[in-house]
Participant: 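Okay, handing you the structure first.
Read the numbers this way: they start at 1 and go in the same order the structure lists the ligands and their atoms. Numbering of residues begins at 1 and proceeds along the displayed sequence.
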Amino acid sequence: MDRISLSNRTVRSLADRIDVPTYDRSALVPAVVHLGVGGFHRAHQAVYFDDLARSGDLGWGVVGVGLRSPGMRDALLPQDCLFTVVESDEDGDRGRVVGAMTGYRYAPDRPAAVLDALADPRVRLVTLTVTGDGYHHPGRPVDPARPTTAAGFLVEALDRRRRAGLPGFTVLSCDNLPDNGAAARAAVLGPARLRDRALAAWIDAHVSFPASMVDRITPATGAATRRLVASRFGIDDRSPVVTEPFRQWVVEDDFPYGRPPLEQFGVHFVPDVTPYRLMKTRLLNAGHSALGYLGSLTGEYRTSSEAMTNPVIADYLAVLMREEIAPLLPKVPGIDLDAYQARVLRRFANPRISDQLSRLCGRGSTKMPAYLLPSLADARRTGRPALLLSLAVAAWFCYLRGYDLNGAPIEVRDALAETLQARARAGGNDPRPLLAEHRLFGSLAADPGLAGTLENALHDLEVYGPAATICDYLATELLTGRPVV
Ligand SMILES: NC(=O)C1=CN([C@@H]2O[C@H](COP(=O)(O)OP(=O)(O)OC[C@H]3O[C@@H](n4cnc5c(N)ncnc54)[C@H](O)[C@@H]3O)[C@@H](O)[C@H]2O)C=CC1
Ligand SMILES: O=P(O)(O)OC[C@H]1O[C@](O)(CO)[C@@H](O)[C@@H]1O
């Protein structure tokens, strides 16, 4: 197959190879600005907006903005902001070209163009995927004329809108943060207050910050992704995205300036996202962490799907979710929790999604307190089983020593790596030096029963290895059917 470079000029000619947008992209209204265009935005929110445009609603085009790295600028601008999204699983690869992005602006090159985009009266919605780091603000006044952060751009743009008598807009965080709506509000109102209290009051009254739960496993784009798109579809795309077929978006219904009618494409607009967020973070994200640490310690697997081929690990995750985590969750409206768990396991096992265990293990000091430790604390407080949760924590502690159970080195990627690794190594099989990190463990730090359980688990992992330890713990949990810790 000859290879064709993706652009406005060529896209129609690709229709016999891949699903292409047939709507008039020049007629898209730039009602959405997205800050932090990476792999996930393009596999998730941009696909939903593309669905909307394909249905004939051209009112929700997206202006992409980059704040950090020029890679996306260099990829997207030469191809007129078109990109390929491939959904892959064992049934094959289904590709589409997404056309919903009307333009891309790289803030370090053209800060004024980013402010102009945000101050455009047609903008009703600003979406964000700037990672957790993107929500920190310096805590001191910064030069409003030269913003560098997402919040800095938002505050200056909102001030321009206020002065021009324009309405505010909705700021919708799509980052995996415990309460992403509140985090976005705090990130914007903090610097706004430092700058001008009247402006902060106006933002408070004219900007909404709904919370959202977002889900679609999307590994980072690499050379293999580009090769796949070139060989499978004959398309030269500088930055395609491969993702799983599953996607989920649950959004707090708080859109004073109108919301995109995405319910047609499966988006749930709800009064409160909390139960959905708890379901996702405590089952999927905690499951990912447990899989990452236990899978890595074996020294045998590199990816999520490889580790899931081990039936002992797959069983462990199933029982962990079913027996220990799910019973602690509130009722989730409209969701069958058993089916949800079964689906999570199938998603983890998708052999076409090369989700690196090293990615799942990164930023443990952020992920474990947000995703797994809350279930452990709830289980300890209520006297429910917690042996398998404890085993995941022990696996994390073992991982922090910096080598797997065959003695091969592990690179620990974590903002607190130095401190945590020093404590893990000093403690050996004694978890107490790590548990003493109160900022991570809260009430669990002072739980002597937990320290004993973790000490045993660390010993078992070291002496018997992950598989035999898991088998033993599963038998204990399933046979006794009562609290083991
Ligand atoms: N990849 C996935 O499977 C999923 C990702 N997410 C969330 O989406 C967010 C982005 O993830 P990806 O797109 O996968 O990563 P990515 O690395 O492809 O893109 C991240 C984007 O954020 C920008 N960024 C990073 N730090 C920033 C900062 N301090 N300020 C402003 N911009 C910053 C980067 O330059 C890049 O444009 C993360 O918060 C992640 O938790 C949520 C669900 C699924
Ligand atoms: O690991 P991060 O950076 O929070 O973002 C990706 C997260 O979202 C997921 O892809 C699920 O949507 C998880 O795999 C993962 O934990």
Participant: Hey, are the side chains of L154 and L35 touching, using non-hydrogen atoms and a 4.5 Å cut-off?
Facilitator: yes

Participant: Answer yes or no: are there more than 12 heavy-atom neighbours, outside E418 itself, under 6.0 Å from its atom CD?
Facilitator: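 Open: at most 12 neighbouring heavy atoms sit under 6.0 Å from CD of E418.
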
Participant: Which one of D120, V123, T102 satisfies the side-chain contact (heavy atoms from CB on, under 4.5 Å) criterion with V63?
Facilitator: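 When D120, V123, T102 are each tested with V63, the side-chain contact (heavy atoms from CB on, under 4.5 Å) holds only for T102.
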
Participant: Heavy-atom contacts with G38 under 4.0 Å: which atoms of ligand 1 show up? List them by number with element.
Facilitator: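 So the answer, numbered in order with elements, is 13 (O), 18 (O), 19 (O).
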
Participant: Is it true that D51 and R54 make a salt bridge, defined as a side-chain N closer than 4.0 Å to a carboxylate O?
Facilitator: no

Participant: Going by the order shown, which atoms of ligand 2 are within less than 4.0 Å of some heavy atom of I217?
Facilitator: 10 (O)

Participant: Does F246 have its ring centroid less than 6.0 Å away from the ring centroid of Y340?
Facilitator: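 Aromatic pair excluded; centres sit 6.0 Å or further apart.
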
Participant: Can you tell me the protein heavy atom closest to atom 6 (C) of ligand 2 and the distance?
Facilitator: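 Nearest neighbour among protein heavy atoms for atom 6 (C) of ligand 2, to 0.1 Å: R359 NH1, 3.2 Å.
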
Participant: Less than 3.5 Å between some nitrogen or oxygen of N285 and one of ligand 2, yes or no?
Facilitator: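 Yes, since at least one N or O of N285 sits under 3.5 Å from an N or O of ligand 2.
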
Participant: Could you check whether any heavy atom of R216 sits closer than 4.0 Å to an atom of ligand 1, since that is the contact criterion I want to use?
Facilitator: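 The answer is yes: ligand 1 sits under 4.0 Å from a heavy atom of R216.
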
Participant: I want to confirm something. Looking only at heavy atoms, which of V65, L284, T129, T148 is nearest to atom 23 (C) of ligand 1?
Facilitator: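 Looking at heavy atoms only, the winner is T129.
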
Participant: Quick test of your reading of the model: are R195 and D159 salt-bridged, counting only N-O distances below 4.0 Å?
Facilitator: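 The answer is yes: the pair qualifies as a salt bridge.
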
Participant: Looking only at protein heavy atoms, which one is nearest to atom 14 (O) of ligand 2, and what is the separation?
Facilitator: H288 CE1, 2.7 Å

Participant: Starting from atom 7 (C) of ligand 1, which protein heavy atom do you reach first, and at what distance in Å?
Facilitator: F40 CD2, 3.9 Å

Participant: What are the atoms of ligand 2, with element, lying closer than 4.0 Å to any heavy atom of L284?
Facilitator: 11 (C), 13 (C)

Participant: Using a strict threshold of under 4.0 Å (side-chain N to carboxylate O), is an ion pair present between R259 and D254?
Facilitator: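 So D254 does not pair with R259 through a salt bridge.
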
Participant: Hey, which atoms in ligand 1 end up nearer than 4.0 Å to a heavy atom of I217?
Facilitator: 3 (O)

Participant: Which residue supplies the protein heavy atom nearest to atom 7 (C) of ligand 2, what is that atom called, and how far is it?
Facilitator: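 Going by distance alone, atom 7 (C) of ligand 2 is nearest to N176 ND2, 3.0 Å.
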
Participant: Ignoring hydrogens, just give me the one of M213, R363, K280 whose non-hydrogen atom is nearest atom 9 (C) of ligand 2.
Facilitator: K280

Participant: Between D93 and R352, does at least one N-O distance fall below 4.0 Å, as a salt bridge requires?
Facilitator: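 Salt bridge: yes.
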
Participant: May I ask you to decide whether D133 forms a salt bridge with R363, counting only side-chain N to carboxylate O separations under 4.0 Å?
Facilitator: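 Salt bridge absent between D133 and R363.
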
Participant: Can you confirm whether something in the protein, heavy atoms only, sits under 4.0 Å from atom 17 (O) of ligand 1?
Facilitator: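 So far as the 4.0 Å threshold goes, atom 17 (O) of ligand 1 is out of reach of every protein heavy atom.
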
Participant: What part of T221 sits under 4.0 Å from ligand 1 if we count only heavy atoms: the side chain, the backbone, both or neither?
Facilitator: neither

Participant: Less than 4.0 angstrom from a charged side-chain N to a carboxylate O is my criterion; do D378 and R282 meet it?
Facilitator: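 Judged by the 4.0 Å cut-off on N to carboxylate O distance, D378 and R282 do form a salt bridge.
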
Participant: Should D215 and R247 count as an ion pair when the cut-off is N to O under 4.0 Å?
Facilitator: no

Participant: Have a look at H41, R68, K280 and point out the one with the heavy atom closest to atom 35 (O) of ligand 1.
Facilitator: R68

Participant: How far is atom 9 (C) of ligand 1 from the closest protein heavy atom, and which atom is that?
Facilitator: D175 OD1, 3.3 Å

Participant: Answer with side chain, backbone, both or neither: which part of T131 has a heavy atom less than 4.0 angstrom from an atom of ligand 2?
Facilitator: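 No part of T131 is near ligand 2 at this cut-off.
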
Participant: Among protein heavy atoms, which sits nearest to atom 11 (C) of ligand 2, and what does the distance come to when rounded to 0.1 Å?
Facilitator: D215 OD1, 3.1 Å

Participant: Given the side-chain rings of H44 and W249, with only the six-membered ring counted for Trp, is the space between their centroids under 6.0 Å?
Facilitator: yes

Participant: Geometry only, no angles: is D355 polar-contacting ligand 2 at N/O separations under 3.5 Å?
Facilitator: no

Participant: Please indicate whether any nitrogen or oxygen in R216 is less than 3.5 Å from any nitrogen or oxygen in ligand 2.
Facilitator: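 Yes - when backbone and side-chain N and O of R216 are compared with those of ligand 2, one distance drops under 3.5 Å.
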
Participant: Find all atoms of ligand 2 within a distance of less than 4.0 Å from any non-hydrogen atom belonging to K367, and give their numbers and elements.
Facilitator: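 In order of number, 1 (O).
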
Participant: Measuring from the heavy atoms of G66, does anything fall under 4.0 Å of ligand 1?
Facilitator: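 In this structure, G66 fails to qualify as a contact of ligand 1 - no heavy atom is under 4.0 Å.
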
Participant: Using a 4.0 Å heavy-atom threshold (strictly under), name the region of L67 that reaches ligand 1: side chain, backbone, both or neither.
Facilitator: side chain

